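Okay, so here's the structure we're looking at.
Note that ligands are numbered from 1 as they come in the structure, with each ligand's atoms numbered from 1 the same way. Not measured: the values here are computed from a predicted model.
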Amino acid sequence: MKPPTALTTTSTTPHALFTPPTIKLPRIFRPWQKVNLGPLSVSPMGFGTWAWGNQLLWGYQQSMDTELQQVFNLALDNDINLFDTADSYGTGKLNGQSEKLLGKFINEFQGNTNDVVIATKFAAYPWRVTPNQFVNACKASLDRLQIERIGIAQLHWSTANYAPLQERALWDGLVAMYDKGLVEAVGVSNYGPKQLLKIHDYLKERGVPLSSAQVQFSLLSMGEEQMEMKSVCDSLGVRVIAYSPLGLGMLTGKYTPAKLPRGPRGLLFRQIIPGVESLLISLKEIAETRGKSVPQVAINWCICKGTIPIPGVKSVKQAQENLGALGWKLRPGELTQLEYAARDSSAKMIQNVFQTR
Ligand SMILES: NC(=O)c1ccc[n+]([C@@H]2O[C@H](COP(=O)([O-])OP(=O)(O)OC[C@H]3O[C@@H](n4cnc5c(N)ncnc54)[C@H](OP(=O)(O)O)[C@@H]3O)[C@@H](O)[C@H]2O)c1
């Protein structure tokens with residue numbers, strides 16, 4: 001077993017002689033197994049990094065980088081090896097920042113990073129219409145990430161809804177990256193069951209296994225589409241990665257109509273939270289009974305449904321708390337209570353505009 005992780009708190013003092021106190025984090029005994037995802041072995045929960053570089057929605061500032069590095073180190077020290085990112089993450093001049101930060105953190109990690117799995121997503125920009133353009137995009141991500149191979153190369157979204165002729169180019173792009181050995185596995189994101197079957201068969205004919213499918217999946221996003229998607233993926237041996245498992249933060253229980261986050265999230269939460277009160281009450285009740293926290297219960301629900309959740313994390317405190325979603329399981333009655341409350345809610349999470357059938 002590794003020794004306890006020693007983390008340094010983020011200091012806000014400018015005093016040069018100040019030595020930040022060291023927090024000794026107890027190393028969590030690992031009562032969980034890694035799971036297979038195509039040819040890869042990954043932790044049953046990964047961390048999402050959309051916020052790492054996103055000022056508009058997530059209030060990112062470069063002053064957060066020291067703590068984000070601590071989050072990364074904490075994850076690795078606790079055997080979390082899956083990190084989700086995208087080549088489009090990072091707003092404005094910070095485009096690519098999430099991949100760049102991951103690259104820096106991997107590079108500077110004091111220990112073994114061999115089993116780190118970076119799942120990045122390639123945007124279906126309208127100008128990406130040839131396999132070579134995807135290969136070049138992949139090489140640019142590899143540069144930012146400072147690694148030799150991408151773990152999972154995912155198509156960020158399908159163009160089937162608005163530019164069906166481009167869709168084939170995306171698929172050929174994945175094939176080209178895989179054939180050139182730039183990526184270990186390929187996946188999709190925001191594909192519905194019908195489109196997923198099509199790409200699965202197309203890739204299969206070219207000898208490329210489809211390993212994962214990422215969808216919005218949480219107690220706020222558990223409609224028929226998500227469940228159909230899950231069963232299609234199960235029948236094909238494709239892993240479902242659950243994005244926004246905390247409903248962008250609404251399922252942490254920390255936001256109320258009187259306490260909303262700044263920016264666009266606040267506008268969205270104002271419309272949804274009043275309609276999901278009974279779900280939030282059920283989450284809190286179960287959390288109290290089980291001696292867990294609300295985010296831990298919400299993430300654990302995704303694991304119990306057979307998905308790999310990738311909660312977004314912005315601080316060491318959040319990362320530490322979310323690690324506590326592993327190593328235990330909600331009971332059948334608790335799952336039923338949560339799902340009943342979720343179905344009974346008058347408000348639902350809005351779906352990604354790029355999600356296909
Ligand atoms: N494929 C796609 O199109 C797509 C779309 C969306 C997301 N994703 C991926 O999925 C990942 C996760 O989704 P998400 O970031 O949208 O939303 P999420 O995981 O549902 O929510 C994450 C946010 O909740 C808050 N939070 C997390 N843990 C917490 C805790 N223990 N206590 C209190 N607050 C906590 C943080 O924000 P605050 O502290 O600001 O509240 C955090 O950024 C993303 O980072 C990204 O990698 C993919």
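Residue-level proximity to ligand 1 for Q216 is absent, since no heavy atom of it falls below 4.0 angstrom. The residue S315 has no part lying near ligand 1, judged by heavy-atom distances below 4.0 Å. When non-hydrogen atoms are compared, ligand 1 lies under 4.0 Å from the backbone of T49 (N, CA, C, O) but not from its side chain. Under 4.0 angstrom from ligand 1, the non-hydrogen atoms of K314 all belong to its side chain. With a 4.0 Å cut-off on non-hydrogen atoms, F354 does not touch ligand 1 at all. Contacts between N190 and ligand 1, counted as non-hydrogen atom pairs separated by less than 4.0 Å, involve the side chain only.
In this structure, atom 19 (O) of ligand 1 lies nearest to the protein heavy atom G312 N, 2.8 Å. Given atom 41 (O) of ligand 1, the protein heavy atom at minimum distance is Y255 OH, 2.5 Å. For atom 44 (C) of ligand 1, the nearest protein heavy atom (residue, atom name, distance) is W50 CB, 3.6 Å. Nearest protein heavy-atom contact of atom 31 (N) of ligand 1 is N322 OD1, 2.9 Å. With respect to atom 24 (O) of ligand 1, the closest heavy atom belonging to the protein is G249 CA, 3.6 Å. At the shortest separation from atom 32 (N) of ligand 1 among protein heavy atoms lies E321 OE1, 3.6 Å. For atom 6 (C) of ligand 1, the nearest non-hydrogen atom of the protein is Y243 CD1, 3.3 Å.
The closest non-hydrogen atom to atom 14 (P) of ligand 1, taken over S244, G247, G324, comes from S244. The closest non-hydrogen atom to atom 48 (C) of ligand 1, taken over Q214, Q154, K254, comes from Q214. Residue nearest to atom 25 (C) of ligand 1, selected from R262, M349, Q318, Q320: Q318 (by heavy-atom distance).
Residue A51 places no N or O, backbone or side chain, under 3.5 Å from any N or O of ligand 1. In terms of polar-atom proximity, defined here as any N/O pair under 3.5 Å, L248 does make such a contact with ligand 1. Ligand 1 has no nitrogen or oxygen under 3.5 angstrom from a nitrogen or oxygen of W58. For K121, no nitrogen or oxygen atom sits less than 3.5 Å from a nitrogen or oxygen atom of ligand 1, counting backbone and side chain alike.
The S189 neighbourhood of ligand 1 comprises atoms 1 (N), 2 (C), 3 (O), with distances under 4.0 Å to a heavy atom of that residue. Numbered from 1 in the order shown, with element, the atoms of ligand 1 that lie under 4.0 Å from a heavy atom of I310 read 9 (C), 10 (O), 11 (C), 12 (C). Listed by number with element, the atoms of ligand 1 under 4.0 angstrom from any heavy atom of N352 are 3 (O). Heavy-atom contacts of P311 reach the following atoms of ligand 1: 12 (C), 19 (O) (cutoff under 4.0 Å). Proximity to R265 (heavy-atom distance under 4.0 Å) selects the following atoms of ligand 1: 37 (O), 38 (P), 40 (O), 41 (O). For ligand 1, the atoms sitting less than 4.0 Å from at least one non-hydrogen atom of D84 are 9 (C), 46 (C), 47 (O), numbered in the order shown with element in parentheses.
You'll find the side chain of V208 stays beyond 4.5 Å of the side chain of L174, heavy atoms only. Residues S244 and S218 fail the side-chain proximity criterion, which asks for heavy atoms closer than 4.5 Å. Within the 4.5 Å cutoff, the side chain of I241 has no heavy atoms near those of the Y243 side chain. With contacts defined as side-chain heavy-atom distances shorter than 4.5 Å, the pair I152/L82 qualifies. Side-chain contact between Q97 and D65: present, with at least one pair of heavy atoms (C-beta onward) separated by less than 4.5 Å. For the pair E184 and L40, the minimum side-chain heavy-atom distance is below 4.5 Å.
Residue contact check for ligand 1: Q296 places no non-hydrogen atom closer than 4.0 Å to it. Close to ligand 1: Y89, with a non-hydrogen atom less than 4.0 angstrom away.
The pair D143-K139 fails the salt-bridge criterion, with no side-chain N (NZ, NE, NH1 or NH2) lying under 4.0 Å from an Asp/Glu carboxylate O.
Side-chain heavy atoms closer than 4.5 Å link hydrophobic residues (I, L, V, M, F, W, Y) into clusters, and following such links, possibly through other members, connects V313 to W58.
In the hydrophobic clustering, where aliphatic and aromatic side chains (Ile, Leu, Val, Met, Phe, Trp, Tyr) are joined below 4.5 Å either directly or transitively, L165 stands alone.
With no hydrogens or angles considered, a side-chain donor-acceptor pair links Q195 and E167 at under 3.5 Å. A donor-acceptor pair shorter than 3.5 Å can be found between the side chains of E99 and S141.
Remark: side-chain polar atoms of T91 are paired, donor with acceptor, to backbone N or O of Q55 under 3.5 angstrom. The closest donor-acceptor contact from the side chain of N81 to the backbone of D115 lies under 3.5 Å.
Around CZ of R357, the count of heavy atoms belonging to other residues, nucleotides or ligands within 6.0 Å does not exceed 12.
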Between side-chain atoms of residues 292-302 and protein atoms elsewhere (two or more places apart, or another chain), which donor-acceptor pairs fall under 3.5 Å?
unit_1 : atom_1 : unit_2 : atom_2 : d
S293   : OG     : Q296   : N      : 3.4
S293   : OG     : E321   : OE2    : 2.5
Q296   : OE1    : S293   : N      : 2.9
Q296   : NE2    : E321   : O      : 2.8
N300   : OD1    : L330   : N      : 3.0
N300   : ND2    : A325   : O      : 3.0
N300   : ND2    : W328   : O      : 2.8
W301   : NE1    : E339   : OE2    : 2.8

